[in-house]
S.K.: 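Have a look at the structure that comes next, please.
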Amino acid sequence: MGEDDAHGDEVHAKIADLVDGILAGEQRALARAITHIENRSPGHRTLISRLHEHAGSAAVIGVTGAPGAGKSTLVDKLAATYRERGDTVGVVAVDPSSPYTGGAVLGDRIRMGSNVGDMEVFFRSMSARGRLGGLSTATADTVTALDAFGKDVVIIETVGAGQNEVDIVRTAPTVAVLVQPGSGDDVQTLKAGILEIGDVFVVNKADTDGVERPVAELEEMVHRRQGATVGLDVGHHGSGALGMNAHGTDGADVREEVADDPTGEAPSWTPKVLRTVGTTGEGVAELIETFDAHTGYLRDSGALAERTHRRYAEEIRTLVRADLGALATDEIERRGGIDELAERVRKRETDPYTVANEIVDPIARCIERDNG
Amino acid sequence: MSAEQEKRAIRCLVAKVGLDGHDRGAHVIARAFRDAGFEVVYSGLHRAPGEIVQAAVQEDVDVLGISILSGAHNTLVPKVIEGLKEYGAFEDTLIVVGGIIPDDDKAELKELGVAEVFGPGTPMEETIEFIREHVPERA
């Protein structure tokens with residue numbers, strides 16, 4: 001928290017106001033807090049620290065898929081359907097930013113036609129801003145803010161499928177992968193990546209021709225995978241079951257082992273394949289039932305705690321790495337900047353290893369002194 | 001971390017209000033803003049003032065650009081401004097209006113709190129420059 005001391009009382013007071021506003025349910029405070037998070041403004045860490053204790057109760061759903069698969073339209077219908085049963089909803093929709101200007105057109109909001117005027121749906125567009133690994137952090141922190149605000153459900157809509165959605169998976173315990181008919185070849189090529197992150201596969205635009213093929217292919221993939229790697233099933237976001245055993249935790253892992261037995265009654269999850277029509281809302285109620293079932297499975301099997309644990313472990317690592325990287329960047333600047341150092345190496349006055357040692361040594365010595 | 005870089009971007013909402021269905025101009029503006037490095041949320045067509053307010057508040061935009069070609073600006077713009085005030089978002093949002101606005105109405109809109117009105121033929125650079133200069137300094 002030392003970072004904020006430097007910025008004085010003004011920042012402290014502002015962050016306190018934002019936190020109070022969010023806990024009091026003020027839209028403006030939430031909106032402003034998310035801007036802080038996005039901009040990594042002074043005090044944003046204190047903000048998240050303060051909000052963390054109030055978060056943790058929202059069901060977080062990730063929606064991903066190729067561009068044009070119908071993510072935004074489906075998210076709109078999902079939000080409306082959740083609202084019908086009385087749940088409040090937060091949506092974070094990420095769109096790509098220009099690698100040249102940093103600018104972005106955030107168009108997901110256009111599809112939110114079913115929820116206009118309903119302030120209980122908080123919809124926020126976010127630019128990927130080309131951050132190095134930072135997208136996941138800003139998204140995760142925004143989810144924390146929406147959660148602390150009191151949203152029952154938080155939906156994360158990713159950019160069109162690429163490599164980013166692996167990050168999203170870490171943030172959302174339940175992930176829906178959208179596929180549209182006519183993309184059979186895409187399904188083939190995406191198999192390896194997508195099968196690993198989907199808890200639910202949604203064949204959207206199911207009112208168009210050719211819907212049977214992707215449904216059949218996905219069903220086949222899901223079941224073939226299950227047959228081939230039964231033991232890994234519960235940990236399909238990673239090394240779930242293995243991780244549990246390694247941690248030597250309570251009975252949850254025992255139940256998961258039982259789940260390997262096809263006759264067992266213990267909770268296990270086979271990814272579901274559903275059909276929806278985003279434009280009409282057909283199939284959306286079933287999709288939400290499936291999300292509920294998955295949430296229930298996560299809770300009962302202990303997988304939720306295990307996943308959350310793993311996510312925070314990853315988050316701590318990311319933060320520490322980023323902070324240490326920033327310290328190193330400062331140190332490089334103090335020594336004349338990267339260009340001068342590189343030039344000295346080019347002229348054979350020194351070598352990369354010596355330079356790196358000179359930069360890291362003072363940091364390492366501080367750590368040693370602290371521990372000694 | 002003091003070393004962590006703060007990364008700000010100018011966030012804009014390009015909004016079409018009311019029954020006017022001409023959005024070519026709004027599209028051109030949205031793309032020009034994007035190319036200027038802004039983050040642009042586009043509202044889509046036929047939005048009610050309340051929807052614009054909801055979007056402006058939740059998206060926490062620095063700039064609200066309202067495009068109106070229907071002549072209903074005297075009814076619609078005040079409603080948007082009223083809504084922004086209700087959510088405490090009026091003070092630090094730069095409001096600009098684009099479209100066909102008679103001179104008399106321009107003065108009236110400015111009195112209400114519109115920062116500038118851009119008519120047909122305004123060079124894009126002028127609009128972008130105006131925004132860069134006047135975007136509210138927020139802490």
S.K.: For B:D60, is there an ion pair with A:R28 - N to carboxylate O distance below 4.0 angstrom?
M.R.: yes

S.K.: Which region of B:Y42, side chain (C-beta onward) or backbone (N, CA, C, O), has a non-hydrogen atom less than 4.5 Å from a non-hydrogen atom of chain A, or is it both or neither?
M.R.: both

S.K.: Side chain, backbone, both or neither: which part of A:T329 has a heavy atom under 4.5 Å from chain B?
M.R.: neither

S.K.: Counting heavy-atom pairs closer than 4.5 Å to chain B, which one of A:R124, A:M112, A:Q27 comes out on top?
M.R.: A:R124

S.K.: Pick one of side chain, backbone, both or neither for A:D118, based on which atoms fall under 4.5 Å of a heavy atom in chain B.
M.R.: backbone

S.K.: For the residue pair A:F149 and A:H54, is the inter-centroid distance of their aromatic rings smaller than 6.0 Å?
M.R.: no

S.K.: State whether A:R32 and A:D17 are salt-bridged, where the test is any N-O pair (Lys NZ or Arg NE/NH1/NH2 against Asp/Glu carboxylate O) under 4.0 Å.
M.R.: no

S.K.: Can a side-chain donor-acceptor contact be found between B:E59 and A:S125 if the only test is distance below 3.5 angstrom?
M.R.: yes

S.K.: Side chain from CB out, backbone as N, CA, C, O: work out which of these in B:E51 comes under 4.5 Å of a heavy atom of chain A, or both, or neither.
M.R.: side chain

S.K.: Charged N to carboxylate O below 4.0 Å: is that the case for A:K14 and A:E10?
M.R.: no

S.K.: Which bit of A:V91 is near chain B, if near means a heavy-atom gap under 4.5 Å: side chain, backbone, both or neither?
M.R.: neither

S.K.: Counting heavy-atom pairs under 4.5 Å with chain A, which one of B:V40, B:V53, B:V57 comes out on top?
M.R.: B:V40

S.K.: What distance do B:R47 atom CZ and B:L76 atom CG have between them, rounded to the nearest 0.5 Å?
M.R.: 14.0 Å

S.K.: Check whether B:A55 gets within reach of chain A through its side chain, its backbone, both or neither, counting any heavy atom under 4.5 Å.
M.R.: both

S.K.: Parallel, tilted or perpendicular, judged at 30° and 60°: which one describes the rings of A:H52 and A:Y312?
M.R.: perpendicular

S.K.: Relative to chain A, which of B:R34, B:R31, B:Q58 shows the most heavy atom pairs under 4.5 Å?
M.R.: B:Q58

